[in-house]
Trainee: 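One structure is given below, represented as structure tokens, and several questions about it will come after.
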There are 2 protein chains.
Amino acid sequence: MINILLVEDDILLGEGLSKFIMEQGYQCCWAKDAQQAKSAWFTADLVILDRQLPEGDSLIWLPEQLMKKALPVIVLTAKIEVEQRIEGLQAGAKDYMVKPFSHQELLARIQVQLRPLGEAKLCYKALSIDLSTRRICFHGKEIHLKPKEFQLLILFVQNQGRVFHRDELLNKIWGFQAFPSTRTVDNHILHLRQKLPPLDIETLRGVGYRLKEVEG
Amino acid sequence: MINILLVEDDILLGEGLSKFIMEQGYQCCWAKDAQQAKSAWFTADLVILDRQLPEGDSLIWLPEQLMKKALPVIVLTAKIEVEQRIEGLQAGAKDYMVKPFSHQELLARIQVQLRPLGEAKLCYKALSIDLSTRRICFHGKEIHLKPKEFQLLILFVQNQGRVFHRDELLNKIWGFQAFPSTRTVDNHILHLRQKLPPLDIETLRGVGYRLKEVEG
DNA sequence: GCGCATTTGTCACCTCAATGTCATCAAGTC
DNA sequence: GACTTGATGACATTGAGGTGACAAATGCGC
């Protein structure tokens, strides 16, 4: 379950927000001062941080906390001036909202920050790839891929155009401790090419492989 | 070099923004309609997208583009209503700004989105060299280089104006243990010159080669 | 300018290592 | 034991790139 840390000293606002967040299906941890926020930091997946706390501006300790554990942070504030928004972003916040704000917009911004972790569907030409069900469809027809092939495919589609050296692929997919020969990589590439003809995997002789980007 | 794709049909705003972006040290590609935006999509590292284009709401085709290549997108709009901000974020945008906005704040938000990245791109005249995809483009057309040629090119472009003796090139590119004749170097220089006419490789008789520096 | 020696440009050829492809084998699962 | 996955090796094929021959260019002494 996704855990959102809400840092807010105002009782009324805090109660409303934490209730709202929980209604959306997230776990919510409500910290009322910097001390509590720091101790809850490590269990959180995302932070909603009020800038004005009793102890002062929370931007002061934000960078330090982010050093310890990087997290997406959405800063809330009553300060509307542009300079102060910029300060917030430069302190490491991922987003910035000015009070008063709509709960729905906050939700949308939370979802943006969480997106890379959660949801999952990829496309490449006539291929559609569902990461959660591990289902590959090609022109609506399902294609069965073996685990290693699937991992390879995901890596390529998520990094279209990037060149991967064989060693790099071995590291990313097989892991540091496994050392199959690089011919193994060739074979898996071959299998991908045979099973999924639309995959334009280019060979860069002496270098590695690369999935050609789809043009607009 | 980081490449920002600006999609904006308003000439005045587009000129101002693209100038500003370039002043900040980014490369800026300015697309004036959806068609141009889609074809420039794959070379971009970040997109600034105006929502109202002549063809209609750009949110319609945004998710499809993001499927092809995921990119951080900052949406610009005149629409101030919360519901429309939420639409934008749900369509896949990473951030949302309402016109009129401060250039400085846009810059800050660009920096936020680029923070995780650190990509490497080189330029020389009409040539653009992407190290991660090993792709060389000359006036938008891709050029295929063999590994040794590619290494040579990188070395020259990263050391513009510096003279390299043949022996030095042999050492840097072929390594200490390999000792091909120096004629081999000549041949590779020849290939580079043939494939990439804008490369101004000067011959210093009796000394070696040097890539002429680009002004500015 | 002329002739010569030297260096460099250009091309065609050849070799060998990198890769594509297939069949087989080992290991794990039910 | 049948089945699936995936690692390996054999063999064919390709292309990178090294080599040398020859042409062209450059520099130098006269």
Side-chain angles (χ1 to χ4, degrees), chain A residues 133-136 142-156 162-212, chain B residues 129 134-136 142-156 162-212:
Chain A
T133 64
R134 295 176 73 90
R135 192 160 283 170
I136 320 270
E142 188 170 345
I143 306 249
H144 171 75
L145 284 194
K146 300 170 183 176
K148 285 273 184 295
E149 293 162 2
F150 188 81
Q151 284 180 270
L152 249 186
L153 175 66
I154 301 305
L155 185 65
F156 274 119
R162 179 143 302 132
V163 176
F164 291 98
H165 295 239
R166 285 182 174 66
D167 294 338
E168 204 180 341
L169 291 174
L170 280 175
N171 268 334
K172 296 219 180 204
I173 300 207
W174 278 262
F176 304 100
Q177 63 281 31
F179 293 104
S181 92
T182 58
R183 304 316 320 282
T184 301
V185 178
D186 297 347
N187 276 298
H188 283 267
I189 296 283
L190 172 66
H191 297 149
L192 270 188
R193 290 207 256 232
Q194 288 175 337
K195 289 186 180 177
L196 306 172
L199 271 198
D200 219 332
I201 301 179
E202 298 173 300
T203 302
L204 304 192
R205 204 160 242 268
V207 183
Y209 296 100
R210 152 177 89 183
L211 180 64
K212 205 168 173 186
Chain B
I129 307 165
R134 291 181 78 94
R135 193 154 279 174
I136 320 269
E142 186 173 348
I143 308 256
H144 173 76
L145 286 193
K146 299 171 183 178
K148 285 273 183 297
E149 294 163 1
F150 189 81
Q151 284 181 269
L152 250 185
L153 175 66
I154 301 303
L155 185 65
F156 274 120
R162 177 162 161 214
V163 177
F164 290 97
H165 295 239
R166 286 183 174 67
D167 293 338
E168 203 180 343
L169 291 174
L170 280 175
N171 266 334
K172 296 220 178 205
I173 301 207
W174 279 261
F176 305 100
Q177 64 281 32
F179 293 104
S181 91
T182 57
R183 305 316 321 283
T184 299
V185 178
D186 297 347
N187 272 302
H188 284 268
I189 296 285
L190 170 66
H191 296 149
L192 270 188
R193 290 207 258 233
Q194 287 176 336
K195 290 185 179 177
L196 306 172
L199 272 197
D200 220 331
I201 302 179
E202 297 173 302
T203 302
L204 304 190
R205 209 184 167 77
V207 184
Y209 297 99
R210 157 173 82 184
L211 180 63
K212 208 167 170 184

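In the text below, chain A, chain B and the rest are named by the order of the sequence lines, each starting its count at 1.
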Trainee: Measure CD1/B:Ile189 against P/C:dG9 and give the value in whole Å, please.
Mentor: 8 Å
Trainee: With nearest nucleotide decided by heavy atoms, which residue, A:His191 or A:Arg183, maps closer to the 5′ end of DNA chain D?
Mentor: A:His191
Trainee: Can you tell me if the side-chain N/O atoms of B:Gln194 get under 4.0 Å from OP1 or OP2 in C:dC11?
Mentor: yes
Trainee: Tell me which nucleotide among D:dA25, D:dG17, D:dA16 gets nearest to the side chain of A:Arg205.
Mentor: D:dA16
Trainee: Among C:dG9, D:dT26, D:dA16, find the nucleotide with the atom closest to the side chain of B:Leu190.
Mentor: C:dG9
Trainee: Spell out, as yes or no, whether a donor-acceptor pair under 3.5 Å connects the side chain of B:Arg210 to the backbone of B:Leu204.
Mentor: no
Trainee: Between C:dT10, C:dT8, D:dT8, which nucleotide gets closest to the side-chain atoms of A:Asn187?
Mentor: D:dT8
Trainee: Is there a side-chain contact between B:Leu152 and B:Leu145, using heavy atoms and a 4.5 Å cut-off?
Mentor: no
Trainee: Describe the nucleic acid contact of A:Glu149 in one word from base, sugar-phosphate, nothing, applying a heavy-atom distance below 4.0 Å.
Mentor: nothing
Trainee: Consider the side chain of B:His144, meaning its heavy atoms from C-beta on, and name the nucleotide among D:dA16, C:dG20, D:dG6 that approaches it most closely.
Mentor: D:dA16
Trainee: Would you mind reading off the distance between A:Phe164 atom CZ and C:dT19 atom P, rounded to a whole angstrom?
Mentor: 16 Å
Trainee: Could you check how far CG of B:Leu145 sits from C1' of D:dG15, rounded to whole Å?
Mentor: 15 Å
Trainee: Find the distance A:His165:NE2 to C:dA18:P and express it as a whole number of Å.
Mentor: 14 Å
Trainee: For B:Thr203 and C:dT7, is the shortest distance between a side-chain N/O and OP1 or OP2 below 4.0 Å?
Mentor: no
Trainee: Measure from CD on B:Gln151 to P on D:dA16 and round the result to the nearest Å.
Mentor: 14 Å
Trainee: What nucleotide among C:dG20, C:dG9, D:dA7 has an atom nearest to a side-chain atom of A:His188?
Mentor: D:dA7
Trainee: Any chance you could lay out the salt bridge (Lys or Arg N to Asp or Glu O under 4.0 Å) test for B:Arg162 and B:Glu168, step after step, and finish with the verdict?
Mentor: CA-CA 12 Å; B:Arg162 177 162 161 214; B:Glu168 203 180 343; 2.5 Å; yes
Trainee: Could you tell me whether the phosphate oxygens of D:dG17, OP1 or OP2, come under 4.0 Å of any side-chain nitrogen or oxygen in B:Trp174?
Mentor: no
Trainee: What nucleotide among D:dA7, C:dT10, D:dG18 has an atom nearest to a side-chain atom of B:Thr184?
Mentor: D:dG18
Trainee: For C:dT8, does either OP1 or OP2 sit under 4.0 Å from a side-chain N or O belonging to B:Arg166?
Mentor: yes
Trainee: For the side chain of B:Tyr209, starting at C-beta, report the closest nucleotide among C:dT10, C:dT8, C:dC22.
Mentor: C:dT8
Trainee: Using a 4.0 Å heavy-atom cut-off, does B:Ile173 contact any base of the nucleic acid, only the sugar-phosphate backbone, or nothing at all?
Mentor: nothing
Trainee: When the distance from CG of B:Leu192 to C1' of D:dA16 is rounded to whole Å, what number comes out?
Mentor: 14 Å
Trainee: Any donor-acceptor pair under 3.5 Å linking the side chain of B:Arg193 with the backbone of B:Ile201?
Mentor: yes
Trainee: I need the CG-P distance between B:Leu204 and D:dG27, as an integer number of Å.
Mentor: 11 Å
Trainee: Compare every heavy atom of B:Ile143 with every heavy atom of B:Leu196, then report the nearest pair and how far apart it is.
Mentor: CD2-CG2, 3.8 Å
Trainee: Report the distance from atom CG of B:Asp186 to atom C1' of D:dG17, rounded to the nearest whole Å.
Mentor: 14 Å
Trainee: Would you mind checking if A:Glu202 and B:Arg135 are paired as a salt bridge, meaning a charged N to carboxylate O distance below 4.0 Å?
Mentor: yes
